[in-house]
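In what follows, a single structure is set out as structure tokens and then discussed.
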Amino acid sequence: MRGVGRGAGSGVAAGAGGAARAGVGVRVVRRVSASRGFARVAPHVIPALDRGVHRLTRGRRMLSTAMLPGLVLTSTGARSGLPRRTPLACMPEDGAGGGAGAARSWILVGSNFGRPGHPAWTHNLLAQPRVTISWRGTDVTVTAVLLEGEERAAVWAAALAFWPPYAAYQRRISREIRLFRLTEWPSGR
């Protein structure tokens with residue numbers, strides 16, 4: 001299993017969302033984002049803003065990346081079969097598998113802002129795990145794997161250290177939040 005943690009040599013890259021020594025602004029955003037009011041409004045506002053900024057910057061930025069790393073997931077709709085573009089926060093991992101040629105990977109947390117149902121994009125990944133992401137202005141083909149068991153538990157602990165509001169989201173709902181690892185698809189396949 002890949003290492004996931006927060007220190008030197010850990011599997012999860014340090015990022016703006018890390019729990020260590022968070023500034024006042026980050027602490028305020030964490031508190032607000034864990035609220036029920038935020039969960040009602042954010043799903044309608046944040047993705048629309050992120051899509052707009054992503055288009056304007058030709059894929060290099062999203063508004064929400066001021067707080068957390070983010071990507072745009074392009075999946076195939078599980079029911080419709082149509083392409084679906086979804087801006088999402090992500091937790092980048094250090095080179096999966098180690099070594100100079102290690103694949104890049106990202107963790108996606110299907111929190112749905114602590115709302116009851118699984119987000120649609122998680123159903124899409126389960127139905128069609130080979131997808132494309134836009135990461136820092138570059139399109140990357142990846143394969144998604146739903147994490148389970150001990151591997152999920154380790155990544156969940158890292159996700160809580162990375163962005164503590166995930167714990168508030170999980171407390172509000174009865175479903176288990178889905179975690180996916182996206183691993184870069186080797187070019188030439």
Problem set entry | Check: R84/S80 side-chain N/O donor and acceptor closer than 3.5 Å | yes
Exercise. In Å and rounded to the nearest 0.5 Å, what is the CZ to CH2 distance from R178 to W121?
Worked result: 9.0 Å
Problem set entry | Close side-chain approach of V72 and T86, heavy atoms under 4.5 Å | no
Exercise. Ignoring hydrogens and geometry, is there a side-chain-to-backbone donor-acceptor pair from N112 to G117 under 3.5 Å?
Worked result: yes
Exercise. Is a donor on one side and an acceptor on the other found under 3.5 Å between the side chain of Q170 and the backbone of R175?
Worked result: yes
Exercise. Between A78 and H123, what is the shortest heavy-atom contact and its length?
Worked result: CB-O, 3.9 Å
Exercise. So do L182 and T143 actually touch side chain to side chain, heavy atoms under 4.5 Å?
Worked result: no
Exercise. Of the non-hydrogen atoms in G110 and T122, which two are nearest, and what is the gap between them?
Worked result: CA-CG2, 4.1 Å
Exercise. Do you know the tightest heavy-atom contact between A144 and F180?
Worked result: CB-CD2, 4.2 Å
Exercise. Under a single-linkage definition using a 4.5 Å side-chain heavy-atom cutoff for Ile, Leu, Val, Met, Phe, Trp and Tyr, are V142 and V145 assigned to the same hydrophobic cluster?
Worked result: no
Problem set entry | Aromatic plane relationship, W106 with W135 - under 30° parallel, 30 to 60° tilted, over 60° perpendicular | perpendicular
Exercise. Do you know which two heavy atoms are closest between L108 and A89, and how far apart they sit?
Worked result: CD2-O, 3.6 Å
Problem set entry | For the student: nearest non-hydrogen atoms of A159 and V109, plus distance | CB-CG2, 4.3 Å
Exercise. Would you call R181-E151 a salt bridge at under 4.0 Å N-O?
Worked result: yes
Problem set entry | P116 backbone acceptor or donor facing R172 side chain under 3.5 Å | no
Problem set entry | Non-hydrogen side-chain atoms of I107 and L147 separated by less than 4.5 Å | yes
Seminar exercise, completed: Rounded to the nearest 0.5 Å, the CG atom of L125 sits from the CG atom of L146 at a distance of 9.5 Å
For this session: Specify the closest pair of heavy atoms between I173 and I177, including all atoms of both residues, with the distance to one decimal.
Result: CD1-CG1, 3.8 Å
Exercise. Between R85 and T74, is any side-chain donor less than 3.5 angstrom from a side-chain acceptor?
Worked result: yes
